[in-house]
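The structure appears right after this line, and notes come after that.
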Amino acid sequence: MPDEPRPGRDLKNFVLPEVGQLLETGDPWEPYQVLDPLGRPVEPAALYLKELMGRDSSPLTPRSYGMDLLRWWRFLWALGIEWDRVVREDARDFMLWMKLADKPVRVHWRHSGKDPAEIPAPSRTGRPEPGTPNPVTGKPTVGTKYAPTTRAHCETVLRSFYDFHLENNTGSLLVNPFPLVRSRKPARARDQAGDKHQNRRTGLYRPTVPKRIPRRIPEEKFTEVFAGLRSHRDRALLAFWVATGARAEELLTSKQGQAIMSQQTIGVIRKGTREYQELPATPDAFVWLRLYQEDAWKRGVPRGRAQALWWTLRRPWRPLEYDAARMMFNRANELLGANWTLHDLRHTATFLMLDDPNMPPVYVQHILGHKCLSTLDIYNRPTRDDVITAGLAHHARQEQRRKEPSTVVEPSYNPDSLSILFGRDLS
């Protein structure tokens, strides 16, 4: 590792090259690989991702971590820096670049291989500008910059990556280029049990992440979204999501034999623990499910208790994946000009359960699959719609009070009080 800091570099117009890739292998031992521009696995990243799998992580964990590692390697490849020769200035410049640079624009598959000058610019007629609040939901739209949550996740991944290689004495590393803050008292964070506190330092280049406020879809808007769906399958999916509070990808893991209509429950595989859990649902959800199944089986969709519950609508029949379900919901959103997400359906289900005074919060915690009851505290805060509704009602009461005729009461004396005061009868 060089002792002298690297000379300053101009990254204002730096564009990250789209080289290398994150490959999904289908191998449970190594589900994802970070490949270099020549298609060879990046060995340091492979060792780290294998370590994650050894820690009993979800298969989605190496995917998200691999995307951050690929972005970091593209940065190193562009500047000609070896991964184990990185200094703090390189880590600082990378995090600064993520803060100021625009995200790369993905080219649609229809325009792949074309000259960028020939690709038409996307039309934004009737759409809000990137990063501005959506007029229907109030949620900010996706901006052109990397979100603070993305930058924070990337910093955490890279700091953990270099900690792993330092502990194993891999390469020529001496110190972690993504250090912890040492100039102030460590932040206090809850432990896994959620009751006690433990000291935890944060990363030096980790951005401040704003607290997310859960959003619920109003009943009238949910009805409009529901009416814009094209098939019984999509209606059944939305009905189950808003009834069970399951995560979007969790519901897609259900098998046909796990939807038990007699018990009014559906089984899912939990994202974190990978455990099987049955969740209660509404009768309407099972009605839409049966309508979808009868139509799908007639058209040749595989049938059996061990078969997937949700399938594509066209041949060749394939189990429905998350990206296809997300695009289905986005199409329904576009009819209203909204930008709700599938995760907002989980928030909506949580609000509905917590609004029921006969539903103990500990049961809601179990249905949602939360480890700690304290995670429900975010739902005790007033939502944007509740605050606006309460404020408008307040102004309406004030306006009504100003319009009411004023009744001036003339001052008078109570005769009984005067007789007591002067000791005589004044009647």
Side-chain angles (χ1 to χ4, degrees), residues 137 215-271 276-315 317-336 338 340-353 355-356 359 364 367-369:
T137 65
R215 304 273 184 169
R216 70 189 303 174
I217 304 178
E219 184 176 355
E220 64 277 5
K221 294 298 182 181
F222 177 80
T223 303
E224 294 182 37
V225 173
F226 197 85
L229 300 176
R230 301 178 180 179
S231 67
H232 292 324
R233 183 205 64 183
D234 300 343
R235 299 182 187 100
L237 275 169
L238 251 68
F240 273 107
W241 272 321
V242 83
T244 62
R247 297 178 181 88
E249 61 271 21
E250 291 176 344
L251 186 64
L252 298 177
T253 64
S254 299
K255 306 297 182 182
Q256 295 181 21
Q258 295 168 352
I260 308 175
M261 187 172 299
S262 60
Q263 299 180 8
Q264 208 170 305
T265 60
I266 186 170
V268 299
I269 302 297
R270 283 304 186 183
K271 177 183 177 181
Y276 175 78
Q277 182 178 350
E278 294 182 352
L279 301 176
T282 59
D284 287 346
F286 283 97
V287 171
W288 289 114
L289 175 62
R290 182 45 57 94
L291 291 174
Y292 155 64
Q293 287 182 318
E294 292 294 335
D295 180 61
W297 289 336
K298 290 179 182 178
R299 292 187 290 116
V301 168
R303 181 173 183 174
R305 293 180 56 84
Q307 294 286 349
L309 182 60
W310 312 102
W311 294 80
T312 56
L313 298 178
R314 296 177 180 85
R315 295 178 182 271
W317 307 120
R318 299 183 304 274
L320 185 67
E321 297 182 350
Y322 172 79
D323 288 337
R326 177 179 55 83
M327 289 188 288
M328 170 273 295
F329 189 64
N330 288 343
R331 286 193 295 268
N333 263 327
E334 290 177 356
L335 299 177
L336 302 179
W340 283 299
T341 63
L342 291 177
H343 202 70
D344 289 329
L345 296 172
R346 175 174 166 87
H347 292 320
T348 302
T350 306
F351 277 112
L352 292 174
M353 287 186 283
D355 288 344
D356 185 356
M359 185 70 171
V364 179
I367 291 175
L368 296 177

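The shortest side-chain heavy-atom distance between R233 and V301 does not fall under the 4.5 Å cut-off. Using a 4.5 Å cut-off on side-chain heavy atoms (C-beta onward), L251 and I266 make contact. Between V268 and T244, every side-chain heavy-atom pair lies at or beyond the 4.5 Å cut-off. Using a 4.5 Å cut-off on side-chain heavy atoms (C-beta onward), L238 and F329 make contact. Inter-residue side-chain proximity for I260 and E278 is flagged as met; some heavy-atom pair is nearer than 4.5 Å.
To the nearest 0.5 Å, atoms CD (Q256) and CH2 (W311) are separated by 7.5 Å. With rounding to the nearest 0.5 angstrom, the CZ atom of R305 is 8.5 Å from the CD atom of Q258. Between R331 atom CZ and R230 atom CZ the span is 5.0 Å, to the nearest 0.5 Å. Atoms CH2 and OG, from W310 and S254 in turn, are 7.5 Å apart once rounded to the nearest 0.5 Å. Between atom CG of residue L336 and atom OG1 of residue T137 there is a gap of 10.5 Å, rounded to the nearest 0.5 Å. Here the OG1 atom belonging to T253 is positioned 7.0 Å from the CD atom belonging to E250, to the nearest 0.5 angstrom.
The nearest pair of heavy atoms linking I367 to P280 is CD1-CG, 4.2 Å. What you find for M359 and V364 is that their closest heavy atoms are CG-CG2, 3.6 Å.
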Verdict with reasoning, L309 to L320, per side chain to side chain contact (heavy atoms under 4.5 Å, CB included): CA-CA 9 Å; L309 182 60; L320 185 67; over 6 Å; no

What verdict does the side chain to side chain contact (heavy atoms under 4.5 Å, CB included) test give for E249 and L342, after you've listed the backbone C-alpha separation in whole Å, the side-chain angles of each residue and the deciding distance to 0.1 Å? CA-CA 10 Å; E249 61 271 21; L342 291 177; over 6 Å; no

Please determine whether side chain to side chain contact (heavy atoms under 4.5 Å, CB included) holds for the pair R235 and L291, giving the CA-CA distance in whole Å, both sets of side-chain angles, and the decisive distance to 0.1 Å. CA-CA 10 Å; R235 299 182 187 100; L291 291 174; over 6 Å; no

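Sorted by first and then second residue, the pairs that involve residues 215-224 and meet side chain to side chain donor-acceptor pair (under 3.5 Å), not counting sequence neighbours, are R216-D355.
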If you look only at distance, which donor and acceptor atoms sit under 3.5 Å apart when one is on a side chain in residues 344-352 and the other is two or more places apart or in another chain?
| from | atom 1 | to | atom 2 | distance (Å) |
| --- | --- | --- | --- | --- |
| D344 | OD2 | K139 | NZ | 2.7 |
| D344 | OD2 | T341 | N | 3.0 |
| D344 | OD2 | T341 | OG1 | 3.3 |
| R346 | NH1 | G245 | O | 2.6 |
| R346 | NH1 | L368 | O | 3.4 |
| R346 | NH2 | L368 | O | 2.9 |
| R346 | NH2 | H370 | NE2 | 3.2 |
| H347 | ND1 | Y379 | OH | 2.9 |
| T348 | OG1 | I217 | N | 2.9 |
| T348 | OG1 | D344 | O | 2.7 |
| T350 | OG1 | R346 | O | 2.8 |

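A salt bridge between R326 and D323 is present, with a side-chain N of the basic residue lying under 4.0 Å from a carboxylate O of the acidic one.
The neighbour count for E321 CD, taken as heavy atoms of other residues, nucleotides or ligands under 6.0 Å away, does not exceed 12.
Residues that satisfy the ring pair (Phe, Tyr, Trp, His ring centres under 6.0 Å) test with W288, not counting sequence neighbours, are F226, H232.
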